[in-house]
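First comes the structure, then the notes that go with it.
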Amino acid sequence: MQDGRTTLTQFIIEEQRHVAGATGDFSGLLNDIATACKVIANAVSKGALIGLLGNAGGENIQGEVQKKLDVISNDVMIRSNEWAGHLAGMASEEMDDIYPVAGEHVRGKYLLVFDPLDGSSNIDINITVGTIFSILRSPNPGAQAKLDDFLQPGTEQVCAGFALYGPSTLLIITSGHGVNGFTLDREVGEFILTHPGMRIPEDTQEFAINASNERFWEQPVKRYVDECRAGKTGPRGKDFNMRWIASMVAETYRILTRGGVFMYPKDTKDAAKPGRLRLLYEANPVGFIVEQAGGLCSTGLARMLDIRPTALHQRVPLIFGSKNEVERIERYHRELLTAA
Ligand code: AFP
């Protein structure tokens with residue numbers, strides 16, 4: 001406790017007291033992740049001052065250009081989390097293969113999956129970016145992780161969260177008992193609980209989608225967006241606002257704060273890709289957080305967290321946010337199926 005304020009460390013320890021038989025492993029892991037996020041926040045905020053903007057000169061396995069800060073953030077996550085004995089392995093959007101915790105380190109009972117810097121194609125224009133993470137139990141605690149160990153549905157997540165590097169540095173986490181938000185007090189170096197029990201309003205008048213893809217959308221998404229755009233005089237009988245930051249962490253935080261719906265749906269742009277965003281690093285952690293805040297997360301046809309992954313870098317259609325809107329979009333998908 002700091003001047004009556006709850007620090008992340010205190011919050012984690014108090015949560016641990018409610019878990020019978022807790023060893024402190026999970027608390028230690030969350031603390032290490034929070035430390036990594038502070039280091040990344042510092043690098044992101046210094047940016048051009050220490051030569052960290054721009055491209056790293058390579059591509060990741062998804063064929064996306066890697067930024068210097070993608071590579072640095074990935075490295076910080078690995079170095080901060082590999083040594084303490086909590087993990088059997090890690091997987092990252094920026095690495096082709098899994099990262100089993102190596103011989104010189106003690107191996108633990110958890111797996112850590114992360115996108116070290118989501119939204120990083122925006123880094124050079126100073127837009128909010130963030131680190132997304134998901135914690136799973138290793139099926140073989142104490143042994144080096146194997147690829148199959150990571151292919152667990154989102155319902156198996158022990159914890160998920162994201163750090164947001166914007167005007168404030170925030171850390172949003174859930175371990176299945178609601179969603180709590182912490183703000184980094186830079187002078188003190190601690191995350192402080194500032195947003196307890198975050199809830200997503202069930203209704204909204206705001207949607208987020210990359211409208212430049214409209215010609216590739218499938219009918220249910222086109223129908224939904226057309227109806228929103230028709231405003232007061234259309235079937236919805238109210239005006240909607242549209243937002244697109246192209247940084248999913250920033251959009252997720254907006255939706256957690258004031259509601260809304262986010263769509264990166266299945267489209268016909270590239271038949272080889274069932275969606276743009278990744279199941280393990282993006283859709284599952286966000287899905288866990290959103291559900292814990294009272295919202296929904298879906299592919300359009302199925303609950304995201306129920307999907308059994310078949311590949312590490314699997315892409316999925318992603319629709320999440322205010323409950324009543326996501327239910328409507330799912331209904332539009334079902335209606336198309338039954339009409340066929
Ligand atoms: P980057 O991390 O490569 O910037 O990708 C960001 C992202 O995965 C997600 O955060 C955005 O919502 C989405 O891609 C933006 O995609 P478009 O550029 O197609 O709008």
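Read the numbers this way: they start at 1 and go in the same order the structure lists the ligands and their atoms.
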Minimum-distance protein heavy atom relative to atom 18 (O) of ligand 1: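 Closest protein heavy atom to atom 18 (O) of ligand 1: Arg276 NH2, 4.0 Å.
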
Suppose we measure from atom 2 (O) of ligand 1 to each protein heavy atom; which comes out shortest, and what is that distance?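 The closest one turns out to be Gly119 N, 2.9 Å.
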
Full working for side-chain contact (heavy atoms from CB on, under 4.5 Å) between Ile255 and Ile200: CA-CA 7 Å; Ile255 290 170; Ile200 300 176; 4.1 Å; yes

Indicate yes or no: does an N/O atom of [X] lie under 3.5 Å from an N/O atom of ligand 1?
{"X": "Asn122", "value": "no"}
{"X": "Val249", "value": "no"}
{"X": "Asn213", "value": "no"}
{"X": "Ser121", "value": "yes"}

Taking only heavy atoms of [X] into account, list the atoms of ligand 1 that are under 4.0 Å away from them.
{"X": "Glu282", "result": "8 (O)"}
{"X": "Phe262", "result": "12 (O)"}
{"X": "Ser120", "result": "1 (P), 2 (O), 4 (O)"}
{"X": "Met248", "result": "9 (C), 10 (O), 11 (C), 12 (O)"}
{"X": "Arg278", "result": "8 (O)"}
{"X": "Asn210", "result": "17 (P), 19 (O), 20 (O)"}

May I ask whether Glu251 places a heavy atom under 4.0 Å from ligand 1?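 No, that is not the case, since the closest heavy atom of the residue is not under 4.0 Å from the ligand.
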
If you measure from each heavy atom of Glu93 to ligand 1, is any distance below 4.0 Å?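 Judged by the 4.0 Å heavy-atom criterion, Glu93 does not count as contacting ligand 1.
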
What part of Tyr281, side chain, backbone, both or neither, has a heavy atom within less than 4.0 angstrom of ligand 1?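 It is neither; nothing of Tyr281 touches ligand 1.
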
Salt-bridge contact Asp226-Arg223 (side-chain N to carboxylate O under 4.0 Å):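 Looking at Arg223 together with Asp226, the answer is no, because their closest N to O distance does not fall below 4.0 Å.
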
Determine whether the aromatic ring centres of residues Phe207 and Trp244 are separated by less than 6.0 angstrom.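 Judged by ring-centre distance (under 6.0 Å), Trp244 and Phe207 do not meet the cut-off.
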
side-chain hydrogen bond (donor to acceptor under 3.5 Å, both in side chains) assessment of Asp118 paired with Tyr281: CA-CA 9 Å; Asp118 179 64; Tyr281 318 109; over 6 Å; no

So for atom [atom1], which belongs to [X], do other residues, nucleotides or ligands contribute more than 12 heavy atoms lying within a distance under 6.0 Å?
{"X": "Arg254", "atom1": "CZ", "answer": "yes"}
{"X": "Trp83", "atom1": "CH2", "answer": "no"}
{"X": "Asn55", "atom1": "CG", "answer": "yes"}
{"X": "Arg308", "atom1": "CZ", "answer": "no"}

Would you say that Ser73 contacts Ile40 through its side chain, given a criterion of any heavy-atom pair below 4.5 Å between the two side chains?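 Of all side-chain heavy-atom pairs linking Ile40 with Ser73, at least one is under 4.5 Å.
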
Counting heavy atoms only, which of Leu318, Leu277, Ile245, Val286 is nearest atom 7 (C) of ligand 1?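 Answer by nearest heavy atom: Leu277.
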
Could you check Thr169 against Arg186 for side-chain hydrogen bond (donor to acceptor under 3.5 Å, both in side chains), going step by step and ending with a plain yes or no? CA-CA 9 Å; Thr169 292; Arg186 280 182 185 265; 3.1 Å; yes

